[in-house]
Amino acid sequence: MEMGYGKDLYERLNLDEEELAEEERLASLIKKCPNMRVLNQIHAHILTHPNIPLSTLSFTLSKILCFAAYRNIHYARTLLSQIPYPTIFAYNTVMRGFLSQSPSPEPIFLFKKLVRKKFPMSNTFTLAFVLKCCSILPAFEEGKQVHKHVIASGLGENLFVQTSLLNFYTKCDEVELGRKVFDEMRERNVVAWSAMIGGYAKVGLVNEALELFREMQKGGVEPDEVTMVSVISACAMTGALGLGKWLHTFIGKKGIKNDLEVSTALVNMYAKCGCIEKAHEVFEAMPVKDAKAWSSMIVGFAIHGLAKEAIETFAKMEEAKVIKFTVLVYEWQAKVEPNHVTLIGVLSACAHGGLVVEGRKYWSTMLESGIEPSMEHYGCMVDLFCRANQIEEAYEFVKSMPIAPNPAIWRTMLVSCKKNKMLDKGEIVADHLLQLEPLNAENYILLSSLYASGSHWVKMSIVRRQMKEGNQGRSRLQFHRNQRPRA
DNA sequence: TTAGGGTTAG
């Protein structure tokens, strides 16, 4: 176990002055390195120098690895295998590099390698990184294995490790397991409380989230802006306007940083709780708005049926593409680009406002801007045509979809066929729907009311009978929550 | 060499 690190240290202690000077020179070169090209040159220089002491090689390659981890993670990964005795620090740096990229299982592979080789030993950082990876993917089974290692390694009492475990379980929707970790924690800071509150809010256990927020305050732990975002979003989910307003005042009173995320959560909360004016007021007061902030406002207007306001806000978002924000002394400029959620807001606003021409226009611009339409976008378009009673257009649109329409889309069409008494089209649509969802009673109710709307009583009674038979358990007909018959 | 845990929009 002591082999690698011990040898490394031993050799370093035995370097003569000249060798130490060379090592420092290389370290300083890497520190000043302007880009990957220069780094490659230093790397090549080291590899082609046969007389370089092993410890200098290890030390310098680790330095290069640190530089590369955020710029070219695959290069850093290759470097790791070139280091004679990589320290746990080097492993951790590569794992962290992977976490800053799009989701990758590489940190799990690296962790498995560490476990297999038994050297270098994982530390609390390693465990935090691998658990973060398991929660991002998510990888439940792998995370559970890591939990076993946590216990075996004796690092299970570490606050960072425990918070990582708690977060991992809640991200995998295993809130109870997360709560178990939380309950076992000897000390809990604001991060641990926020993680648990956020975990409850995420799965919709809003009362538990709010209860924990009260408990946290009773315990004397001051909430911060991250806690507030979770609690406010819990209010948004339940429509708890009173508590939401109280939290808004609380933020001001306690001097909690009202940042981009908090304001966005407030905009969303006020909009969901029916206070669209207040949502707009908070939104207007925001000095910096990112895509999520703009989207929250647009979606807010859309769900309130305020199509004109939603579209105007979208136009402003496109005009205000460039935002400026300052980090220390550096001023950064970033483009605010509409994303898939923004477009869902815009398209549903068009649908609610009966704006077919505009909806088609935004659909085209969405495709041009490279946003891949999802099922929700297709759903908005079908809704747009159906609400405007353009059933044929809706049907043609559905037929042109490159992905198989989901039951919700067929149902939207069936409702519209019923409304417009379009029996033939309705039967075709119902056929598709019942193939996908033969056990959903709501679909039979819709179909029977389509027949009723055209006075096709015989067909209606057949559908009713099919449904009734299912209700008696013969075909395991499932009832939608809203239509479940009273016992 | 000196890194880590929690948040937001459909």
Side-chain angles (χ1 to χ4, degrees), chain A residues 8 12 23-24 26-28 30-31 58-67 69-70 87-97 99-100 123-132 135 155 158-168 170-171 178 181-182 185 188-199 201-202 209 216 223-234 236 257 259-269 271-272 279 283 289-300 302-303 338-349 374-377 379-380:
Chain A
D8 190 39
R12 287 206 66 199
E23 196 177 282
E24 269 169 37
L26 286 167
S28 141
I30 297 162
K31 209 172 180 182
S58 234
F59 177 75
T60 315
L61 287 178
S62 299
K63 284 227 155 205
I64 297 176
L65 183 143
C66 288
F67 185 93
Y70 275 128
T87 58
I88 194 63
F89 187 92
Y91 272 91
N92 293 348
T93 305
V94 174
M95 285 170 112
R96 195 174 59 108
L99 290 175
S100 66
N123 61 15
T124 55
F125 288 83
T126 326
L127 296 168
F129 292 143
V130 72
L131 285 167
K132 174 95 179 176
S135 56
L155 298 169
N158 178 275
L159 183 61
F160 283 89
V161 175
Q162 287 175 314
T163 315
S164 302
L165 269 172
L166 147 58
N167 181 50
F168 157 71
T170 59
K171 286 283 150 58
V181 176
F182 181 78
M185 290 173 82
R188 303 183 190 107
N189 61 6
V190 63
V191 178
W193 282 97
S194 302
M196 196 63 241
I197 292 169
K202 181 181 170 276
M216 169 186 182
D224 66 2
E225 65 276 8
V226 180
T227 328
M228 297 318 290
V229 170
S230 287
V231 186
I232 295 166
S233 83
K257 200 167 74 180
D259 57 12
L260 180 65
E261 286 80 13
V262 171
S263 295
T264 304
L266 285 170
V267 169
N268 180 45
M269 184 274 295
K272 295 273 166 61
F283 177 75
K289 301 177 181 91
D290 67 353
K292 284 182 181 175
W294 284 101
S295 305
S296 298
M297 194 65 250
I298 292 166
V299 169
I303 58 177
N339 60 28
H340 65 288
V341 183
T342 325
L343 264 301
I344 286 170
V346 174
L347 293 175
S348 72
S374 68
M375 192 65 82
E376 284 85 352
H377 295 102
C380 286

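Quick note: numbers below take in every heavy atom, side chains included, and nothing from hydrogens, waters or symmetry partners. These numbers come from a predicted model, not from an experiment. By convention in this document, chain letters (A, B, ...) are assigned in the order of the sequence lines, proteins followed by strands, and residues within each chain are numbered from 1.
- At the heavy-atom level, Thr227(A) lies under 4.0 Å from base atoms of the strands shown.
- Under the stacking definition used here (centres under 5.5 Å, planes under 30°), the residue Phe89(A) fails to qualify as stacked on the base of dA3(B).
- Residue Asp224(A) contributes atom CG, which lies 13 Å from atom P of dT8(B) at whole-angstrom precision.
- In this structure, Val161(A) reaches neither bases nor backbone, as no heavy-atom distance under 4.0 Å exists between it and the strands shown.
- Within the nucleic acid shown, Lys171(A) comes within 4.0 Å of sugar-phosphate atoms alone, with no base atom in reach, counting heavy atoms only.
- One atom, OH of Tyr91(A), and another, C1' of dT1(B), lie 17 Å apart when rounded to the nearest Å.
- At whole-Å resolution of the value, CD1 in Ile344(A) and C1' in dG10(B) are 5 Å apart.
- The closest side-chain heavy-atom distance from Ser194(A) to Asp224(A) is below 4.5 Å.
- When the C1' atom of dT2(B) is taken as reference, atom CD1 of Ile88(A) falls 14 Å away, rounded to whole Å.
- Using a 4.0 Å heavy-atom distance criterion, Thr93(A) is classed as making no nucleic acid contact.
- Taking side-chain N and O atoms only, Asn92(A) has no distance below 4.0 Å to OP1 or OP2 of dT1(B).
- Close to dG10(B), at under 4.0 Å from its OP1 or OP2, lies no side-chain N or O of Lys292(A).
- Rounded to whole Å, the distance from NE2 on His377(A) to P on dA9(B) is 16 Å.
- Contact annotation: Asn167(A) side-chain N/O to dG6(B) OP1/OP2 distance is under 4.0 Å.
- What separates CE of Met216(A) from C1' of dT7(B) is a distance of 12 Å, to the nearest Å.
- In this structure, the side chains of Leu127(A) and Asn158(A) stay at 4.5 Å or more apart for every pair of heavy atoms.
- The residue Leu159(A) sits close to a base: some heavy atom pair falls under 4.0 Å.
- Residue contacts for Ser295(A): at a heavy-atom cut-off of 4.0 Å it reaches a base atom on one of the strands shown.
- For a distance-only test at 3.5 Å, the side chain of Thr124(A) qualifies as a donor-acceptor partner of the base of dG4(B).
- Using a 4.0 Å heavy-atom cutoff across all strands shown, Lys272(A) reaches sugar-phosphate atoms only and no base atom.
- Note: CG (Asn123(A)) to C1' (dG5(B)) measures 14 Å, nearest angstrom.
- Put simply, Lys202(A) has no side-chain N or O that comes within less than 4.0 Å of OP1 or OP2 on dT7(B).
- Contact annotation for Asn158(A): base contact, defined as any heavy-atom pair under 4.0 Å involving a base atom.
- Checking Asn123(A) against Thr126(A) by side-chain atom types alone, a donor-acceptor pair falls below 3.5 Å.
- Ser194(A) contributes a side-chain N or O that forms a donor-acceptor pair with the base of dG6(B) under 3.5 Å.
- Within 4.0 Å of Ser233(A), counting heavy atoms only, lies no atom of the nucleic acid at all.
- Val299(A) comes within 4.0 angstrom of sugar-phosphate atoms only, judged by non-hydrogen atoms across all strands, and of no base.
- For the pair Thr264(A) and Val267(A), the minimum side-chain heavy-atom distance is 4.5 Å or more.
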